[in-house]
2 protein chains.
Amino acid sequence: METKYNIVKQAIMSKILDGTIRPNQKISSETELMNEFNVSRHTVRLAIGDLVTRGWLYRTQGAGTFCADRLHNESNTNSDSAKTIAIITTYISDYIFPSIIRGAEAYLSENGYHVTLFSTNNNHDDERKFLEKVISRQFDGVIVEPTRSAFSNPNIKYYLNLERLKIPYLMINAYYDELEPISLTMDDEKGGFLQTEHLIKQGHRNIVGFFKTDDIQGTKRMKGYLKAHRTYEVPLNPNHIITYNTAEKKDKPTEELRKLLAKNNQDTPTAIVCYNDELAINLLDVIRGMGLKVPDNISIVGYDDSFLSNVSEVKLTTVEHPKSEMGKAAGKVIIDLIKDKNKAEGKIESIVYEPKLIVRNSTKELKE
Amino acid sequence: METKYNIVKQAIMSKILDGTIRPNQKISSETELMNEFNVSRHTVRLAIGDLVTRGWLYRTQGAGTFCADRLHNESNTNSDSAKTIAIITTYISDYIFPSIIRGAEAYLSENGYHVTLFSTNNNHDDERKFLEKVISRQFDGVIVEPTRSAFSNPNIKYYLNLERLKIPYLMINAYYDELEPISLTMDDEKGGFLQTEHLIKQGHRNIVGFFKTDDIQGTKRMKGYLKAHRTYEVPLNPNHIITYNTAEKKDKPTEELRKLLAKNNQDTPTAIVCYNDELAINLLDVIRGMGLKVPDNISIVGYDDSFLSNVSEVKLTTVEHPKSEMGKAAGKVIIDLIKDKNKAEGKIESIVYEPKLIVRNSTKELKE
DNA sequence: TCCGATTTGTTCGTATGTATG
DNA sequence: GCATACATACGAACAAATCGG
C-alpha cells in the first residue's frame with residue numbers, strides 16, 4: 001500500500017474528496033506532479049490512469065487531466081438501495097461508546113437502516129481517511145463523535161464538503177466550534193459543577209480535579225469545577241488541577257495522585273473530581289495501593305455512570321450520561337435529517353442533555 | 001486505432017471470444033507476448049492492463065495472467081465499489097465483544113474494507129433478518145458469532161444459501177455443528193479444565209461451577225469442569241453444577257450462590273468456577289454482601305481475561321481470551337476467503353486458540 | 001492561420017522487488 | 001533454492017492534440 005503511485009493516487013483523491021478540486025476543474029499536469037512528488041512520469045501516469053478507469057478523472061490530450069463529475073452520476077446507484085449510516089467514533093470498543101453505538105444501531109436497524117462503523121483512535125489522519133470513504137461511497141448520513149475536539153480540526157474542509165454534497169451529519173458528545181453542526185451533547189460544564197458542588201457541600205475544601213483536555217468535554221468539566229469553587233467561595237489550589245491528554249492517560253494521572261497523597265500536610269486532598277469513571281477506577285487502585293480507604297479517607301466522584309461505576313467494591317458517585325438514549329436520539333435525528341434533506345430546514349435542532357448527579361458510596365461527609 | 005497495444009489487445013480478445021482461451025486458462029506470459037508481437041514489455045502491460053480493468057483478464061503475481069470468468073464477474077462489478085464486511089454478533093456493546101470487533105475493524109479498515117454491524121441480542125429472529133439483509137445486499141463477506149449456538153439453528157438454510165451464493169463467511173467463538181464452517185474458536189473444554197484443575201491443585205474439593213448453557217462455549221467449559229473432577233478423582237456434588245441461560249443470567253446465578261453459601265455445612269463450596277468474568281464480578285458482590293472475603297473464605301476463577309478482571313479490588317484469576325487478536329485474525333481470514341473465492345480452496349483453515357490460565361489474587365491455597 | 005509552448009499519448013529500454021510453483 | 005512471471009519504478013524519445021498569442 002506504500003507504493004509511490006498509490007501515494008500520488010491518494011493525494012489526488014484527497015483533493016477531490018475535500019473539495020480542493022471540483023468537478024471539471026483541471027488538476028496539476030503530469031510534469032507538475034512529477035516534481036511535486038519526485039517520481040517519474042511513468043508513476044504519475046499509473047496513478048492517473050487508475051483514477052481514470054475508476055471514473056474519478058478524465059484526460060484530454062493536449063489540454064490536461066480533469067476531475068470527473070462522478071458525484072452526480074453515482075448518486076442514483078445508492079438512492080434507494082443502500083440506506084446506510086456511518087458512525088465515526090474515537091473508540092468503538094471502549095468504555096461508554098459501545099452503549100451509545102448500540103442505542104443507535106437498535107433504532108436505525110428497526111427503521112431499515114444499517115450501520116457501518118469507523119473508529120479514529122483519536123487520530124485526525126484516520127478521521128480524514130474515514131470521511132473520505134464516507135464521501136466517496138455516498139452514505140446516507142453520518143454520525144460523528146469528534147476526534148480531539150478541543151483542538152482546531154485539520155479536516156474542517158471535509159465536513160464542509162459533506163454540507164456541500166448534502167450528506168446529513170451530526171455530532172455527538174462534542175462538536176467543533178467552527179462548524180456549529182446539529183449536535184447531541186450534554187452540559188458538561190454543569191456536570192463538572194455538580195461533581196464539585198457535591199463534594200463542597202460535604203465539607204471538602206481540598207478537592208483535586210483530573211481533566212483530559214484534548215476534548216471539549218474535559219475542558220468544560222474543568223470549567224464547571226472552577227465555577228463551583230468560585231460560586232461557593234472555596235479557595236483554589238492551582239496544584240490541585242491536573243490535566244492530561246489521551247497519550248498520557250495511562251500513567252500521568254496515577255503518578256500525580258501518588259505524589260499528591262505522599263506529602264501529608266494540610267493541603268493533602270480529601271476528595272477527587274475525575275474526568276470520568278474509567279479514570280476514577282484507576283485512581284481507586286492507587287488509593288488502595290497506598291493503604292487508604294474510599295470514602296473514609298478520601299472521596300471520589302466519577303463521570304458517565306458507566307458499568308465501571310457499579311463493578312468495584314466501592315460503588316461510584318458519578319454523573320449520569322444518557323449513553324444508549326443519546327445513541328437512539330442520534331439515530332432518530334439523522335433519519336429526520338435524511339428525510340428533510342430536500343424540504344425546508346429549521347425544525348431539527350441540537351439536543352443538550354442535563355447532567356444529573358448519582359450519589360453512591362464513594363463520597364462521604366467530611367468530618368474534622 | 002492502429003496503436004501497438006491495441007493490436008495486442010485485439011489479438012487477446014479474439015482468442016477469448018473464439019474460445020481459444022477459456023475461462024481461468026492462463027494466457028501467454030508478458031515475455032512471450034513481447035516476442036510474439038515484437039513490442040516492449042510496457043506495451044504488453046498496457047494491453048493487458050486495459051483488459052484487466054475491463055474484466056476480461058485477471059493477473060496473479062508469480063503465476064500468470066488468466067482469462068476471467070466473465071459470467072460470474074458481471075454480478076459484482078467489484079473494482080472498488082463495495083468492499084464491505086458484515087459482522088453479526090450476539091451483543092455489540094457488551095463485555096468482550098467490543099474488543100473482538102475492534103480487532104476486526106482495525107485490520108479490515110487498514111485493508112480498505114469497512115464493517116457493518118448487526119447485533120442479534122441472542123435472538124434467532126433477528127439473526128434471520130440480518131442474514132436476509134446480508135444476502136440481498138451482497139456483502140463481500142460475513143463474520144458471525146452464532147446465536148444460541150448450543151441449540152439447533154432454525155436459520156441453517158440461510159447459511160447454506162450463503163455458501164451457494166459464494167459469499168464467504170466464518171464463525172467466531174462457536175459454530176453450529178451442522179455446518180462445519182471455517183471458524184475461530186478457543187478450546188473451551190480445556191479452558192474449563194484449567195479453571196477447575198487450578199482450584200483442585202490448591203486443595204479445593206467443594207467447587208461449584210456456574211455455566212451458561214445456551215451457547216456451546218458454556219457447555220464445553222462445563223465438560224472441562226467435569227473432566228477435571230474425573231481426572232483428579234475428586235467426587236462431584238451434583239448440586240454444585242448450576243446452569244442458566246441468557247434470560248436468567250441476571251438473577252438465577254446470584255440467588256443460587258446465596259442459597260449455597262447460606263447453609264453452612266461440610267458441603268459448602270470453598271471455590272467457584274465461573275462461566276465468565278462478568279458472572280464472577282456479579283458473584284463477587286454476593287460474596288461481599290454475605291460478609292465473606294475473596295480469596296480468604298472462598299476462591300473464584302473467571303474466564304476471558306476481560307477488563308472486568310482488573311477493575312475490582314480483587315484481581316481475578318481467569319482464562320485468557322484472544323479477543324482483539326481473534327478479531328484481527330477473523331479480518332485476515334475473511335479477506336483471504338474473499339480473494340480465494342475463484343481459486344481452488346483448501347489452504348484456509350479454522351483456528352483453535354489454546355487457553356491459558358492467568359493467576360491473580362482471587363484464588364488461594366485451601367488451608368484446613 | 002500558423003507558431004510554439006504545454007500537455008497528454010505511445011513506445012522503447014532497464015532495473016529491482018516479490019510472489020508462485 | 002531456483003526459475004518464472006508479474007509489480008513497481010526509473011529514464012528517454014517522439015507523436016499528437018490543445019490553446020494563447
Side-chain angles (χ1 to χ4, degrees), chain A residues 1-13 15 21 24-68, chain B residues 1-13 15-16 21 24-68 79-80 111-112 332 335-348:
Chain A
M1 245 347 186
E2 296 142 344
T3 58
K4 293 194 179 181
Y5 76 79
N6 234 313
I7 292 168
V8 177
K9 204 169 83 181
Q10 298 298 336
I12 296 170
M13 284 166 71
K15 282 193 178 175
I21 302 173
N24 301 311
Q25 189 185 326
K26 187 175 172 301
I27 72 164
S28 310
S29 75
E30 292 174 357
T31 327
E32 284 164 346
L33 290 170
M34 283 168 66
N35 297 327
E36 187 176 340
F37 293 95
N38 263 304
V39 295
S40 70
R41 180 155 174 243
H42 184 198
T43 306
V44 171
R45 282 188 65 78
L46 256 185
I48 292 175
D50 201 358
L51 291 175
V52 167
T53 58
R54 291 184 189 216
W56 288 63
L57 303 173
Y58 61 91
R59 292 191 273 213
T60 309
Q61 187 175 163
T65 306
F66 305 84
C67 176
Chain B
M1 245 337 184
E2 278 313 316
T3 58
K4 293 197 181 181
Y5 75 79
N6 235 314
I7 294 169
V8 178
K9 204 168 86 182
Q10 297 298 336
I12 296 170
M13 285 167 71
K15 282 193 179 175
I16 293 172
I21 303 173
N24 300 312
Q25 188 185 325
K26 187 174 172 302
I27 71 165
S28 312
S29 76
E30 291 175 356
T31 326
E32 286 164 346
L33 288 168
M34 280 167 70
N35 298 329
E36 189 177 337
F37 292 95
N38 263 304
V39 294
S40 73
R41 174 140 179 257
H42 192 124
T43 306
V44 171
R45 282 188 64 78
L46 258 185
I48 292 176
D50 200 1
L51 291 174
V52 167
T53 57
R54 291 183 190 214
W56 290 63
L57 303 173
Y58 63 91
R59 290 190 271 211
T60 310
Q61 185 176 164
T65 305
F66 305 85
C67 177
S79 59
D80 95 320
N111 288 274
K332 195 167 149 44
I335 289 180
D336 285 349
L337 284 170
I338 291 166
K339 287 188 179 154
D340 256 42
K341 200 156 56 169
N342 301 319
K343 294 190 217 165
E345 292 170 39
K347 283 164 289 182
I348 299 159

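Quick caveat, the model's predicted, so the values are computed rather than measured. In the text below, chain A, chain B and the rest are named by the order of the sequence lines, each starting its count at 1.
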Enquirer: Provide, to the nearest angstrom, the distance between the CG atom belonging to A:Leu51 and the C1' atom belonging to C:dT8.
Expert: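 That distance rounds to 16 Å.
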Enquirer: Grab the CD1-P distance between A:Ile27 and C:dT6 for me, whole Å please.
Expert: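 It works out to 18 Å between those atoms.
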Enquirer: Rounding to a whole Å, what distance do you find between A:Arg59:CZ and D:dT18:C1'?
Expert: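 Those two atoms, CZ and C1', are 16 Å apart.
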Enquirer: Whole angstroms only, please: what is the CG-P distance between A:Leu57 and C:dT7?
Expert: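 Taking CG of A:Leu57 and P of C:dT7, I get 16 Å after rounding.
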Enquirer: Relative to each other, are the rings of A:Phe66 and A:Tyr58 parallel, tilted or perpendicular (30° and 60° limits)?
Expert: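 Plane angle under 30°, so parallel.
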Enquirer: Going 5' to 3' through nucleotides 11-19 of chain C, assign each nucleotide B (protein heavy atom under 4.0 Å from a base atom), S (under 4.0 Å only from sugar-phosphate atoms) or - (no protein heavy atom that close).
Expert: BBS-B-BBB
Enquirer: Whole angstroms only, please: what is the CD1-P distance between A:Ile48 and C:dT7?
Expert: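 It works out to 12 Å between those atoms.
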Enquirer: Nearest whole Å is fine: how far is D:dA3 P from B:Glu32 CD?
Expert: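 Taking CD of B:Glu32 and P of D:dA3, I get 18 Å after rounding.
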Enquirer: Taking atom OG of A:Ser29 and atom CZ of A:Arg41, what is their separation to the nearest 0.5 Å?
Expert: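 Taking OG in A:Ser29 and CZ in A:Arg41, the distance rounds to 9.5 Å.
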Enquirer: What is the distance from atom NZ of B:Lys4 to atom CG of B:Leu46, rounded to the nearest 0.5 Å?
Expert: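 Atom-to-atom, B:Lys4:NZ and B:Leu46:CG are 12.5 Å apart.
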Enquirer: Rounded to the nearest Å, what distance is computed from the CZ atom of residue A:Phe37 to the C1' atom of nucleotide D:dA9?
Expert: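 About 16 Å, once rounded to whole Å.
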Enquirer: Give the rounded distance in Å between these two atoms: CD1 of A:Ile7 and P of D:dA7.
Expert: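 In whole Å, D:dA7 P lies 19 Å from A:Ile7 CD1.
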Enquirer: Over all strands shown, is A:Thr65 touching base, sugar-phosphate only, or nothing at heavy-atom distances under 4.0 angstrom?
Expert: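 The answer is sugar-phosphate, as A:Thr65 gets under 4.0 Å only of primed atoms, P, OP1 or OP2.
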